[in-house]
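See below for the structure under consideration.
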Amino acid sequence: MSFFYELADQYIDGEWRTGTGSWDIIDFNPYNGEKLAAITIATAQEVDLAYRAAERAQRSWATTGPYERRAVLERALRITGELHDDIVDAIIDELGGTRVKAEYEVRVAEEFLRDAIHRALRPPGSILPSPVDGKENRLYRLPVGVIGVISPFNFPFLVAMKSIAPALALGNAVVVKPNQNAPVVGGTLIAKIFEDAGLPAGLLNILITDVAEIGDAFIEHPVPRVISFAGSDRVGRRVGAVAAGHFKRTILELSGNSALVVLEDADIDYAVDAAVFSRFVYQGQVCMAANRILVDRRVEQEFTEKFAARVAALRTGDPRDPETLIGPVINTFQADALTALVDQAIAEGATALVHGRTRGNLVEPTVLAGLPEDSPLLSQEIFGPVALLVTFDGEEDAVRIANDTPYGLSGAVHTRSVERGVRFARRVVSGMFHVNDSTVQDDPLVAFGGEKSSGIGRLNGEATVDAFTTQRWISIQHGRSVFPF
């Protein structure tokens with residue numbers, strides 16, 4: 001078991017401390033049930049302590065030179081690289097992620113750290129012309145102050161780092177509430193990295209707690225000006241509503257119901273590869289996963305046979321085994337819910353081309369075809385290794401089905417004509433869409449976010465600058481203005 005679990009505690013104002021709540025969050029390995037840590041939860045009092053510490057520390061951090069901020073981030077990247085194998089092991093233990101998933105998460109998180117290093121030195125503003133003679137308009141980009149981050153369980157190291165690293169680079173302080181299923185990988189592990197990198201005390205705080213204890217205190221607190229949340233649309237609606245009531249800016253990265261579309265001219269073997277990855281990476285517990293795989297009727301038989309054969313061959317088991325591609329889902333509740341969902345689909349008339357078993361938290365892959373068009377399963381997010389195959393007749397029908405969902409996060413289309421794929425992508429209401437690739441994509445330079453119930457706002461690249469800075473207009477009159485009275 002990784003040494004990181006010895007750090008499973010609150011991290012406030014540069015100190016490791018025990019929460020003052022009356023109960024513990026128990027951190028379990030979802031594969032074997034091993035108890036990794038017990039963390040006494042933080043109360044509303046600790047929420048206040050963390051935010052006040054962040055507020056104090058941020059004042060001086062905002063005036064710290066960008067080269068000094070960059071140096072901290074460079075050390076954080078170096079430490080992350082040195083701990084790479086330990087972080088991978090922690091992801092496998094705490095999340096049940098396979099080694100493929102864990103390596104991917106750490107590698108992409110390192111890319112976001114690299115981008116944040118450069119972000120620290122970007123121009124802090126601009127000079128704009130004025131129609132008034134003698135006037136100079138300066139538009140400054142200033143840190144917003146303190147940012148509250150609520151991270152998910154599925155990619156907690158990566159998703160938390162996507163907010164933490166650029167926020168610090170831009171002169172902000174951060175308070176993080178990791179998901180209670182990932183308190184170490186999404187919280188204390190990151191705190192340890194930045195502590196060892198020399199980040200001044202108070203700039204990064206970790207609160208391991210639950211809404212049952214603190215209610216909306218994390219969002220309502222007067223200090224944070226931005227709340228960055230990644231998780232379900234159900235919880236995201238609450239976060240957005242509470243934050244709006246206090247005039248806080250929100251970045252909400254929420255649920256998805258992505259479609260991977262296979263047109264009749266697609267490279268079928270390649271499309272099968274992309275579809276298998278898009279649906280089953282990290283057991284399908286990914287907001288960008290291809291919930292629905294749409295296949296043109298003219299290539300339905302070939303695609304379906306090859307896809308079902310590939311899925312049936314996926315190895316389910318111990319995530320520490322390098323040959324395992326499907327590890328456990330995050331907990332028993334999720335495993336039972338997925339089993340019930342498959343039973344419901346079959347009762348509605350679906351055919352199970354592959355029907356996986358459920359053994360504890362191991363949910364073997366299932367492929368369902370022939371669902372009624374009005375099945376509620378087609379319009380909801382399925383957070384697990386269950387693929388829905390849907391047949392369509394021509395491109396217009398595919399666009400209609402792809403858009404027939406309350407969500408709009410990601411998607412993909414496969415075709416031998418790149419420009420046809422681009423035209424198709426532009427017609428789908430989605431924050432992101434990919435031609436001849438998987439639905440699961442993230443890039444430090446490209447705006448990431450969804451439409452409809454998949455969220456509000458964007459992260460990555462310049463979008464992160466917009467999210468974590470505020471614009472201040474300062475004008476200078478070098479001459480003399482003429483006033484009308």
Side-chain angles (χ1 to χ4, degrees), residues 101 104-105 108-109 111-112 151-155 158-159 162-163 228-233 236 251-263 266 270-295 377-390 392 398-415 418 421-461 463-464:
K101 183 266 188 191
Y104 170 83
E105 181 169 2
V108 178
E111 290 301 324
F112 276 91
S151 63
F153 79 80
N154 57 348
F155 281 82
L158 168 59
V159 174
K162 284 177 61 173
S163 288
S228 178
F229 170 83
S232 72
D233 62 307
I251 307 298
L252 304 177
E253 298 184 6
L254 309 180
S255 304
N257 183 20
S258 301
L260 186 144
V261 181
V262 183
L263 299 180
Y270 178 62
V272 166
D273 289 343
V276 171
F277 175 82
S278 298
R279 176 60 265 182
F280 296 106
V281 61
Y282 187 43
Q283 294 78 266
Q285 299 174 122
V286 184
C287 58
M288 295 175 283
N291 272 15
R292 301 167 297 152
I293 299 169
L294 280 51
V295 184
L377 299 183
L378 291 171
S379 61
Q380 72 183 63
E381 181 178 53
I382 301 174
F383 226 55
V386 179
L388 307 180
L389 291 183
V390 180
F392 63 84
V399 171
R400 177 187 63 80
I401 297 171
N403 283 327
D404 187 17
T405 172
Y407 302 105
L409 185 58
S410 186
V413 61
H414 280 253
T415 171
V418 169
V422 171
R423 290 192 298 271
F424 185 97
R426 288 171 62 93
R427 298 174 66 190
V428 179
V429 183
S430 180
M432 306 170 284
F433 212 87
H434 310 286
V435 178
N436 293 335
D437 211 332
S438 79
T439 61
V440 180
Q441 305 282 336
D442 207 348
D443 189 306
L445 297 179
V446 184
F448 182 105
E451 299 291 337
K452 301 190 285 187
S453 293
S454 287
I456 295 173
R458 298 289 188 270
L459 284 179
N460 301 6
T464 299

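- Although no hydrogens or angles enter the test, the distance criterion places no donor-acceptor pair under 3.5 Å between the side chain of Thr415 and the main chain of Leu263.
- When side chains are defined from C-beta on, Met432 does not count as touching Val446, because their heavy atoms never get closer than 4.5 Å.
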Quiz prompt | Candidate pair Tyr104 and Val281, rule side chain to side chain contact (heavy atoms under 4.5 Å, CB included), full reasoning | solution = CA-CA 10 Å; Tyr104 170 83; Val281 61; 6.0 Å; no
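- Counting all heavy atoms, side chain and backbone alike, Pro406 lies closest to Ser379 at CD-O, 3.4 Å.
- Between Phe383 and Phe153, the two ring planes are perpendicular [angle over 60°; tilted spans 30° to 60°].
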Practice problem: Before giving the answer on side chain to side chain contact (heavy atoms under 4.5 Å, CB included), spell out for Val422 and Val435 the whole-Å C-alpha distance, their side-chain angles and the decisive distance to 0.1 Å. | Solution: CA-CA 7 Å; Val422 171; Val435 178; 4.2 Å; yes
Exercise. Could you please spell out the steps behind the side chain to side chain contact (heavy atoms under 4.5 Å, CB included) verdict for Phe448 and Lys162?
Key: CA-CA 10 Å; Phe448 182 105; Lys162 284 177 61 173; 3.7 Å; yes
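- Atom CG of Leu158 and atom NZ of Lys101 lie 8.5 Å apart (nearest 0.5 Å).
- Between atom CG of residue Asp273 and atom OG of residue Ser278 there is a gap of 10.5 Å, rounded to the nearest 0.5 Å.
- Asn257 places no side-chain N or O within 3.5 Å of a backbone atom of Asn291 that could act as its donor or acceptor partner.
- Contact between Val286 and Asn154 at its shortest, heavy atoms only, is CA-ND2, 3.8 Å.
- Here the shortest heavy-atom pairing between Leu252 and Gly236 reads CD1-O, 3.8 Å.
- There is a side-chain donor-acceptor pair under 3.5 Å between Asp233 and Tyr407.
- Rounded to the nearest 0.5 Å, atoms OG (Ser453) and CD (Glu381) are 11.0 Å apart.
- Going from atom CG of Asn403 over to atom NZ of Lys452 covers 5.5 Å, rounded to the nearest 0.5 Å.
- Across all non-hydrogen atoms, the minimal contact from Asp443 to Asn460 is O-ND2, 2.8 Å.
- Annotation: the span from Glu253 atom CD to Leu409 atom CG amounts to 8.0 Å, rounded to 0.5 Å.
- One side chain, Gln441 or Ser438, offers a donor N or O that lies under 3.5 Å from an acceptor on the other.
- Side-chain contact between Leu260 and Arg279 is absent, with no heavy-atom pair separated by less than 4.5 Å.
- Annotation for Phe280 and Val386: closest pair CE2-N, 4.2 Å, computed over non-hydrogen atoms.
- The side-chain heavy atoms of Phe155 and Asp442, taken from C-beta on, include no pair separated by under 4.5 Å.
- The backbone N or O of Phe433 sits nowhere less than 3.5 Å from a side-chain atom of Ser410 that would complete a donor-acceptor pair.
- Heavy-atom neighbours of Ile456 CD1 from other residues, nucleotides or ligands within 6.0 Å: at or below the threshold of 12.
- Between His414 and Ala266, the closest heavy-atom pair is O-CB, 3.4 Å.
- How far CE of Met288 is from OG of Ser258: 8.5 Å, rounded to the nearest 0.5 Å.
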